[in-house]
Amino acid sequence: MIPGLEPVPLRDLHALGASKRWPIEGSLEDLPSLTPVRGELQAEHLGNLLALKGRFETIVTLCCDRCLGQYNHRLQADVEEIIWLGDAENEAAMAEAGLGADGAQGLVECLDPRGSFDPERWVFEQLNLQLPVVNRCGLDCPGMPLERSRSPRVEDRNDSLNAEPGDPRWAALRKLRGEDR
């Protein structure tokens with residue numbers, strides 16, 4: 001948990017009459033990272049809207065989808081978001097304000113105005129959105145480890161999966177293939 005990023009009631013943000021800033025320096029429980037998450041978050045209550053602006057970064061270790069090797073990846077988020085405070089079903093009020101999923105702002109998030117805003121959860125979600133869909137360790141990725149004593153011919157592909165490869169991380173696949181037969 002990052003100190004100082006406890007959930008804050010929206011009515012308290014409204015009572016401030018100005019934006020609230022949180023310095024961010026610490027670790028997120030749900031996002032294991034090599035370095036602490038560092039940055040800043042700002043929230044401003046604007047009546048029916050909560051305007052958020054944040055900039056933060058960290059470094060995480062990912063597993064390459066091709067070679068199964070681990071590599072470090074820098075996560076950076078520089079985001080601005082507007083959240084509707086009210087019922088999600090109140091599309092008429094959102095349209096009257098010029099907002100909505102089809103509008104220029106792309107407003108799709110809603111919070112209960114009597115509820116609270118969790119800044120740590122918001123930072124976690126924004127960093128998660130920055131994770132790559134496909135993890136590749138780089139342009140020099142060697143790809144899937146192959147057995148070195150045999151040439152990878154098309155007719156040998158099934159045999160090479162059953163053979164003992166040099167990389168023990170493929171043992172789970174060999175075990176699954178053995179149970180399917």
Side-chain angles (χ1 to χ4, degrees), residues 1-7 22-43 51-83 88 100-111 117-181:
M1 176 154 201
I2 298 177
L5 286 187
E6 294 83 18
W22 290 274
I24 299 170
E25 175 125 21
S27 298
L28 295 169
E29 283 183 26
D30 296 332
L31 185 70
S33 59
L34 295 173
T35 62
V37 178
R38 291 185 175 102
E40 184 177 79
L41 171 61
Q42 176 182 330
L52 301 167
K53 187 186 294 188
R55 170 178 259 156
F56 25 85
E57 64 180 18
T58 190
I59 297 175
V60 295
T61 300
L62 301 176
C63 181
C64 179
D65 291 337
R66 292 184 72 204
C67 69
L68 299 179
Q70 292 190 344
Y71 68 99
N72 295 339
H73 180 77
R74 173 179 236 116
L75 287 181
Q76 293 179 299
D78 187 4
V79 291
E80 293 184 31
E81 183 178 16
I82 296 177
I83 298 177
D102 299 333
Q105 296 289 336
L107 188 66
V108 292
E109 289 289 324
C110 297
L111 286 176
F117 169 66
D118 187 350
E120 184 174 34
R121 186 74 192 160
W122 190 80
V123 169
F124 168 76
E125 290 170 355
Q126 300 309 312
L127 285 172
N128 254 343
L129 289 171
Q130 302 305 314
L131 287 170
V133 176
V134 177
N135 296 331
R136 294 273 168 85
C137 60
L139 296 174
D140 298 334
C141 178
M144 186 173 84
L146 296 175
E147 187 178 20
R148 297 186 190 271
S149 63
R150 299 175 64 167
S151 62
R153 297 188 317 229
V154 173
E155 57 271 3
D156 288 339
R157 281 189 186 156
N158 288 335
D159 294 335
S160 68
L161 284 175
N162 293 327
E164 282 294 320
D167 192 337
R169 294 175 289 184
W170 293 99
L173 179 60
R174 286 193 312 275
K175 183 179 177 184
L176 284 173
R177 289 190 53 85
E179 290 175 1
D180 289 340
R181 291 182 177 179

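In this structure, CZ in Arg121 is found 8.0 Å from CG in Asn128, a value given to the nearest 0.5 Å. Residue Glu125 holds its CD atom at 8.0 Å from CD of Glu81, rounded to the nearest 0.5 Å. Here the SG-CD distance, from Cys64 to Gln70, works out to 11.0 Å after rounding to the nearest 0.5 Å. To the nearest 0.5 Å, atom OG of residue Ser33 and atom CZ of residue Arg74 are 12.0 Å apart.
At least one donor-acceptor pair under 3.5 Å links the side chain of Glu120 to the backbone N or O of Ile2. Between the side chain of Thr58 and the main chain of Thr35, a donor-acceptor pair closer than 3.5 Å is present. The main-chain N or O of Arg55 is never found under 3.5 Å from a side-chain atom of Asp78 such that the two would form a donor-acceptor pair.
Taking the side chain as every heavy atom from C-beta outward, Val37 and Phe124 never approach each other to under 4.5 Å. Between Leu68 and Cys63 the shortest side-chain heavy-atom distance falls below 4.5 Å.
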- Could you give me the CA-CA distance, side-chain angles and deciding distance for Leu129 and Val79, then say whether side-chain contact (heavy atoms from CB on, under 4.5 Å) is met? CA-CA 11 Å; Leu129 289 171; Val79 291; over 6 Å; no
- Task: Dump the intermediate steps for side-chain contact (heavy atoms from CB on, under 4.5 Å) on Leu131 and Leu62, then the final yes or no.
- Result: CA-CA 9 Å; Leu131 287 170; Leu62 301 176; 4.2 Å; yes
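Classification of the Phe117-Trp22 ring pair by plane angle, with boundaries at 30° and 60°, yields tilted.
Of all non-hydrogen atoms in Phe56 and Glu40, the two that sit nearest each other are CD2-O, 3.9 Å. Nearest heavy-atom pair, Gln130 versus His73, reported as atom, atom and distance to 0.1 Å: O-NE2, 4.4 Å. A pairwise comparison of heavy atoms in Cys141 and Arg66 identifies SG-CB, 3.7 Å as the closest pair. The shortest non-hydrogen separation linking Asp118 to Leu5 is OD1-O, 3.9 Å. Residues Leu52 and Ala43 share a closest heavy-atom pair of CD2-CB, 3.4 Å. Taking every heavy atom of both residues into account, Leu127 and Ala77 meet most closely at CD2-CB, 4.3 Å.
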